[in-house]
Amino acid sequence: MSRKLLSSLLRSCTTHSTTSQCHAQTILQSLLPNVILETDILLAYTKLGLMAHARKLFDKMPQRNMHSWNIMIASYTHSSMYFDAVTVFQAFKQCGSLPDHYTLPPLFKISIGIGEPCFGRMCHGLVVKLGYEEIVVVTNSVLEFYIKCGTVSQALSVFSNHNAHRDSVTWNLMISGFGKAGLYSDAVHCFREMLKHQSGYELDYMTLPSILSACGKEGDMLKVKEVHGFIVRNFGFHADAPIGNALIDNYGKCGSLKDSENVFNTVGCVNLVTWTTMISCYGMHGKGEESVFLFEKMMEEGFRPNAVTLTAILASCSHSGLLDQGKKIFSSMISDYGFEPTAEHYACMVDLLGRCGYLEEALRLLKRMKSSSVTGSMWGALLAGCVMHKNVEIGEVAAHQLFQLEPNNTSNYVALCGIYQSLGMARGVSTVRAKMRGLSLVKTPGCSWINIAGRAHKFYQGDLSHPLSHMIFQTLYVISNTQLSTNDLGVGYLLHDDDTFVMA
DNA sequence: CTAGGGTTAG
């Protein structure tokens with residue numbers, strides 16, 4: 001067999017055995033060493049995720065080209081083996097070579113993967129110095145890097161500096177970046193800008209889940225509906241699964257379970273995430289029975305739940321007080337599916353037991369675990385249960401664990417304080433407050449808001465300064481039909497975005 | 001050989 005033939009065979013290999021056979025042939029026919037052929041073998045191994053095989057060959061190669069270095073760096077990165085990727089990159093630099101536009105994008109992923117943003121910033125410098133700023137793929141990876149670091153301002157400056165070299169990926173990165181940073185109105189603004197720059201049929205459907213999520217997290221159902229209409233007009237009803245999933249999720253987040261159900265019942269593409277999303281929508285709306293029903297139906301249809309599905313169903317049971325169903329699902333996941341419960345699942349179970357008032361049982365569950373594997377979220381769930389059921393003994397245990405684990409989390413101090421307060425334990429209250437002062441911790445006030453007719457109405461706890469607060473108070477009183485103090489109601493004032501009052 | 005979207009959690 002000729003080199004050429006083996007080369008093209010290698011490029012079409014899709015299994016371990018065919019790749020190994022081709023590799024063996026190159027050796028048998030004394031075709032090695034040969035950079036082109038060896039690089040083909042490297043690529044074939046890495047495509048199959050056989051990094052150890054690739055590395056063994058790579059280390060033996062007497063000669064390497066840019067392609068072979070890039071394959072190793074990119075595939076280690078792809079396999080989340082960031083430190084191996086760094087080692088290869090360092091060896092590469094030792095040879096005195098400079099990275100090219102294929103080398104650079106994985107370097108930003110490595111920087112995030114190893115948690116060293118300095119490395120990424122240095123690579124950004126390399127991009128500029130080596131003149132790769134005009135290659136859109138490279139610039140997009142720089143943009144993604146700054147977004148993943150949480151430095152939106154840096155991302156925005158990269159975005160603005162490259163208005164001549166943008167593609168749909170660039171726009172999508174910026175829109176989803178704003179959304180991830182909680183800058184929802186900026187995300188919407190960016191989406192509008194994008195639409196101005198391209199005509200309808202060129203529109204990229206990958207942007208749609210991002211914009212839906214920004215609208216949904218803002219709680220703006222009108223915008224979600226608007227984007228939904230836009231999707232139907234431009235893409236028809238048979239959107240792909242992530243779009244349907246985003247619609248279900250965000251209708252749910254905006255409080256319209258009916259619309260979520262509607263999408264769920266009519267979408268063309270359904271996957272595990274679709275089921276999980278719908279289950280968690282029912283959970284959010286306190287409809288645990290529906291969640292359990294859907295969970296069972298999902299399994300009947302042959303979907304195997306994953307870790308996220310399990311978290312969703314457990315959280316759902318928890319919110320609806322379905323103790324037995326939750327326990328049953330948790331133990332059957334372990335026995336029937338050999339599932340290894342994660343920290344989140346234990347936190348859900350503690351939450352479930354705690355809400356139902358089984359605080360001792362919840363504490364026992366945590367005490368059975370290795371103390372190093374008990375997370376803050378588990379103690380946090382227990383503490384929340386103690387607040388609900390005014391249990392000071394277990395509450396103190398949980399709170400003191402949390403003070404060790406997350407000393408700067410103000411919510412934990414406030415929670416313990418709340419238990420003391422509800423039991424009239426004045427000394428406890430002042431001790432916790434003194435502790436907070438000593439650590440100079442300040443609690444940011446909780447705020448909730450709703451969007452009505454495109455305007456954001458914010459509510460802070462215990463504030464009655466709005467002229468309509470009396471009316472709101474009365475309405476809440478009627479709804480709750482119980483004797484509540486002003487403080488319990490959390491009545492606030494309505495504020496517009498620019499802090500001017502809005503008259504309903 | 002390089003870049004982008006969806007699901008949990010208090």
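None of the values given here were measured: they were computed from a predicted structure. A, B, ... follow the sequence lines: proteins, then strands. Residue 1 opens every chain.
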Over how many whole Å does the gap from [X] atom [atom1] to [N] atom [atom2] extend?
X	N	atom1	atom2	answer
A/Ile175	B/dG6	CD1	P	12 Å
A/Tyr132	B/dT2	OH	P	16 Å
A/Leu104	B/dC1	CG	P	17 Å
A/Ile243	B/dG6	CD1	C1'	10 Å
A/Leu247	B/dG5	CG	C1'	13 Å
A/Leu107	B/dA3	CG	P	12 Å
A/Leu208	B/dG5	CG	P	13 Å
A/Phe159	B/dA3	CZ	C1'	15 Å

Report the nucleotide, chosen from B/dT7, B/dC1, B/dT2, that has the shortest atom-to-atom distance to any side-chain atom of A/Ile71.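 Closest nucleotide among those given: B/dC1.
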Between B/dG4, B/dG6, B/dT2, spot the one nearest the side chain of A/Asn172, thanks.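 Between B/dG4, B/dG6, B/dT2, the one nearest the side chain of A/Asn172 would be B/dG4.
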Distances under 3.5 Å between nitrogen or oxygen atoms of protein and nucleotides 8-10 of chain B:
residue : atom : partner  : partner atom : Å
B/dT8   : O2   : A/Thr311 : OG1          : 3.3

Determine if A/Tyr102 stacks with B/dC1; use a centre-to-centre distance below 5.5 Å and an interplanar angle below 30° as the criteria.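 Yes; centroid distance and tilt both under limits.
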With the threshold set at under 4.0 Å for non-hydrogen atoms, list the residues of residues 133-141 of chain A touching DNA chain B in residue-number order.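 Correct list: A/Val137, A/Asn140.
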Decide if the gap between the ring center of [X] and the ring center of [Y] is smaller than 6.0 angstrom.
X	Y	value
A/Trp275	A/Phe264	yes
A/Tyr413	A/Phe403	yes
A/His23	A/His53	no

Looking for any heavy atom pair under 4.0 Å, which part of the strands does [X] touch: base, sugar-phosphate only, or nothing?
X	answer
A/Asp100	nothing
A/Tyr205	base
A/Lys180	sugar-phosphate

If you look only at pairs with a residue in residues 298-310 of chain A, which of them pass as a side-chain hydrogen bond (donor to acceptor under 3.5 Å, both in side chains), with sequence neighbours excluded?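 Listed by first then second residue: A/Thr276-A/Thr309, A/Asn306-A/Thr309.
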Residue pairs fulfilling side-chain hydrogen bond (donor to acceptor under 3.5 Å, both in side chains) with at least one residue in residues 122-149 of chain A, sequence neighbours excluded: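 Found A/His124-A/Tyr146, A/Asn140-A/Asp167, A/Asn140-A/Thr170, A/Glu144-A/Lys148.
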Looking at [Y], is its backbone amide N or carbonyl O close enough to the side chain of [X] to form a donor-acceptor pair, meaning the two atoms are under 3.5 Å apart?
X	Y	result
A/Arg166	A/Phe159	yes
A/Arg64	A/Phe58	yes
A/Asp249	A/Asn245	no

Sequence-distant partners of A/His389, side chain to side chain contact (heavy atoms under 4.5 Å, CB included), two or more places apart: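 A/His389: side chain to side chain contact (heavy atoms under 4.5 Å, CB included) contacts with A/Leu359.
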Can you name the residues that form a side chain to side chain contact (heavy atoms under 4.5 Å, CB included) with A/Asn70, not counting sequence neighbours?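 Partners of A/Asn70 under the side chain to side chain contact (heavy atoms under 4.5 Å, CB included) test: A/Met66, A/Asp100, A/Tyr102, A/Thr103.
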Respond yes when some side-chain nitrogen or oxygen of A/Lys109 is under 4.0 Å from OP1 or OP2 of B/dG4, and no when none is.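 It does, given that an N or O in the side chain of A/Lys109 lies less than 4.0 Å from OP1 or OP2 of B/dG4.
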With hydrogens left out and only the distance checked, is there a donor-acceptor pair under 3.5 Å joining A/Asp167's side chain and the base of B/dG4?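 For A/Asp167, whose side chain was compared with the base of B/dG4, there is no donor-acceptor pair (under 3.5 Å).
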